[in-house]
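First comes the structure, then the notes that go with it.
For clarity, every value in this text was computed on a predicted model and none was experimentally measured. Naming convention: chains lettered A, B, ... in sequence-line order (proteins, then strands); numbering from 1 in each chain.
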Amino acid sequence: MKNTDAINKKDIIHLLEEIAIYLELKGENPFKISAYRKAAQALETDTRALSEIDDWSSIKGIGKGTQGVITEYLTNGESETLTLLKQEVPEGLIPLLDIQGLGGKKLAKLYQELKIENIADLQAACETHKVADLKGFGKKSEEKILAGLLNLNAQPERLPFDAVRGVRQNIETALGSMDGVKRFSIAGSMRRMRETVKDLDFIIATEQPEVVKEQLLELAGVKEVIASGDTKVSVVIEDKYDVSVDFRMVENKAFATTLHHFTGSKDHNVMMRQLAKARGEKISEYGVENVETGEVVTFDSEKAFFQHFDLHEIPPEVREAKGEIETYKKTHPLVTLEDIKGDLHMHTTWSDGAQSIEEMARFASDKGYEYIAITDHSKFLRVANGLNEIRLREQREEIERVRKRFPELTILAGVEMDILPDGTLDFDDDFLQELDYVIGAIHSSFSQTEAEIMTRLFNAMENPYVKHIAHPTGRLIGKRDGYKVNMEQLIQKAKETHTILELNANPKRFDLNSEWINVCQEQGVKITINTDAHSKETLEFMKEGVGVARRGWLTKESIVNTWSLEELQAYWKKKQE
DNA sequence: GCCGTTTTCGGCCCGACTGTTTTCAGTCG
């Protein structure tokens, strides 16, 4: 039972999804299952807070039944529907849904006919060939289930974005010079900038699929070929992890609709198809069919595809069935890489970076930036060769020399200052006012309580010289969760103190994530997208950072490093007021 | 279970693929 005061919207969404999973295992009517999922989706899409919703069934997708479940949960802190389901369906079946080829119906059958309730039962039943004898199953099913059981814990189900970045780049390079390839694109969740991905999807336009197929099977690192048909090649590429890669080969005229189809998300596609259906049309990867005449139209680009439905082009990053179809009836221009005018967080050889100040300045200038901030670590961070007051003053002299060589670029002399475990800052105010740009950051004592962490962050934000908080949660995707930040409090404090929050563009971090920056934008809290570059190459993370910002629906007005230096300086003044 | 310029029943997104079947159900993206 849950304390009813502590129930939030996510809890309700989770409850509805959990009920759907149990119904699936019961082999219930698929439409009933999807009704629960749709209700969860409807809540996800509704932007109101829990307290602002009183008439649940006025939300499209929530009716009498799901409203009952929700209000009961809000009143009692538990749901009888779920409790009963849990009595009927063993909990041990749930992880078995992750086995390839096993869905709710087959599992329901295994449970009912063979009394299989968990991994061990299933393994035993396969080994004694009871599964193969079951109607609807066979020898191959049994082998696949056994193989699936082995893979169940072999590697994480979803890989961090950063872990597959290299594989993606290698494939794109190879496709770029491949015979018979007219055009190609990444698709799937990688294109939508999700921070973890299950596999990589590529769409290839070609009139010679057999020629392309041969070359795909020869790609470097191919460890296993899963499927190799006329339209689909599916391989496993060996890297740090084993990465599944799907290639879809289509005629050029179907490229746009296929790309849209395999970019997803699944929920977005469902909504697009519903829209089409209401107009007497049918969307598939091969085009849009007029149901009455059977005529199929294709498109040169996704933009044209969306225009066909009287929509502006919906960027891949927001195709999550979270209101994008409604929003893009009008336009909603998201930030682009071209909007970025500078990078306010980077390191040099003075602390733990790989490049000199001059080199970083040259790369930034080549990118057309108007300003950068040199922000090496502060003295507390010994492991990173952090700078004390004396070395920071020396560094400023060096920066002044470099400035003369790059008159087109404003180079701010800054620091990424540690917020110490006791909540004090690494420098006193007298020294901080000498600097052009001060970032506050936590790099130590990650395991403190939420109260201790918040005290540290608040101290930094209340300081008039701290312009922004770097990587606010300290997480490393797939590796560590970060420290205990109360995000609502952090955002509220940022609003009060005019402190900017960072979207750290390093793909290992993406910190803040797309969901929280979206909340920031709604609250009027400003974001800065920075690479935290430690080398020339990592300055390029700006592209990924902008992708995450787009996933959070950010427009350039919310992102301070799309502003001119004058606008930025005007905003900084608000802190001192 | 939800919904209705097709409104209280009958439909609910689409197609490929697989393995099981003799025409299709289940799973997946």
**Atom P, compared across dG11(B) and dG19(B): separation rounded to whole Å** = 33 Å
**Asked** What pairs with E91(A) under side chain to side chain donor-acceptor pair (under 3.5 Å), at least two apart in sequence or on another chain?
**Response** none
**Request:** For dC17(B) versus dC12(B), give the span between their P atoms, rounded off to a whole number of Å.
**Result:** 24 Å
**Ring centroid separation F247(A) to F202(A) under 6.0 Å** = yes
**Message:** Just to be sure I understand the rule, does K105(A) reach a base, reach only the sugar-phosphate, or reach nothing, if contact means heavy atoms closer than 4.0 Å?
**Reply:** sugar-phosphate
**Prompt:** What do you reckon, are the aromatic ring centroids of H261(A) and Y286(A) less than 6.0 Å apart?
**Reply:** no
**Prompt:** Taking the same atom, C1', in dT23(B) and in dT18(B), what whole-Å distance lies between them?
**Reply:** 15 Å
**Message:** Ring centroids only, cut at 6.0 angstrom: are F306(A) and H312(A) within range, meaning strictly under it?
**Reply:** no
**Request:** Would you mind telling me which residue lines up with the more 5' stretch of DNA chain B, G63(A) or I99(A), judged by nearest nucleotide?
**Result:** G63(A)
**Prompt:** With rounding to whole Å, what would you report as the distance between dC14(B) and dC9(B) at their C1' atoms?
**Reply:** 24 Å
**Message:** For a quick check of understanding: with a heavy-atom distance under 4.0 Å over all strands, which category does N269(A) fall into, base, sugar-phosphate or nothing?
**Reply:** nothing
**Message:** Heavy-atom nearest nucleotide on DNA chain B for L102(A) versus K139(A): which residue maps closer to 5'?
**Reply:** K139(A)
**Request:** Using both distances under 3.5 Å as the test, list the Watson-Crick or G-U wobble partner of dT8(B), or none.
**Result:** none
**Asked** If we take the P atom in both dG1(B) and dT5(B), what is their distance in whole Å?
**Response** 23 Å
**Asked** Between W553(A) and Y328(A), how do the two ring planes meet: parallel, tilted or perpendicular, split at 30° and 60°?
**Response** tilted
**Request:** Please state the P separation for the pair dT22(B) and dG29(B) - nearest whole angstrom.
**Result:** 28 Å
**Message:** Does K106(A) qualify as a cation-pi partner of F137(A), given the criterion of NZ or CZ under 6.0 Å from the six-membered ring centre and within 45 degrees of its axis?
**Reply:** yes
**Asked** When rounded to the nearest Å, what value does the distance between P atoms of dA16(B) and dT21(B) take?
**Response** 24 Å
**Prompt:** Any luck finding a side-chain donor-acceptor pair between T257(A) and E285(A) under 3.5 Å?
**Reply:** no
**Asked** If you measure from the P atom in dG4(B) to the same atom in dC13(B), how many Å do you get, rounded?
**Response** 14 Å
**Prompt:** If you look at every strand shown and take non-hydrogen atoms under 4.0 Å, does S34(A) touch a base, only sugar-phosphate, or nothing?
**Reply:** nothing
**Asked** With a non-hydrogen cut-off below 4.0 angstrom, is I33(A) in contact with a base, only sugar-phosphate, or nothing?
**Response** nothing
**Request:** Give one of base, sugar-phosphate or nothing for K232(A), where a contact means two heavy atoms less than 4.0 Å apart.
**Result:** nothing
**Message:** Reading DNA chain B in the 5' to 3' direction, which nucleotide is the first one with an atom under 4.0 Å from a heavy atom of chain A, and which is the last?
**Reply:** dG1(B) to dG29(B)
**Asked** Across the strands shown, which category fits I59(A) at heavy-atom distances under 4.0 angstrom: base, sugar-phosphate, nothing?
**Response** sugar-phosphate
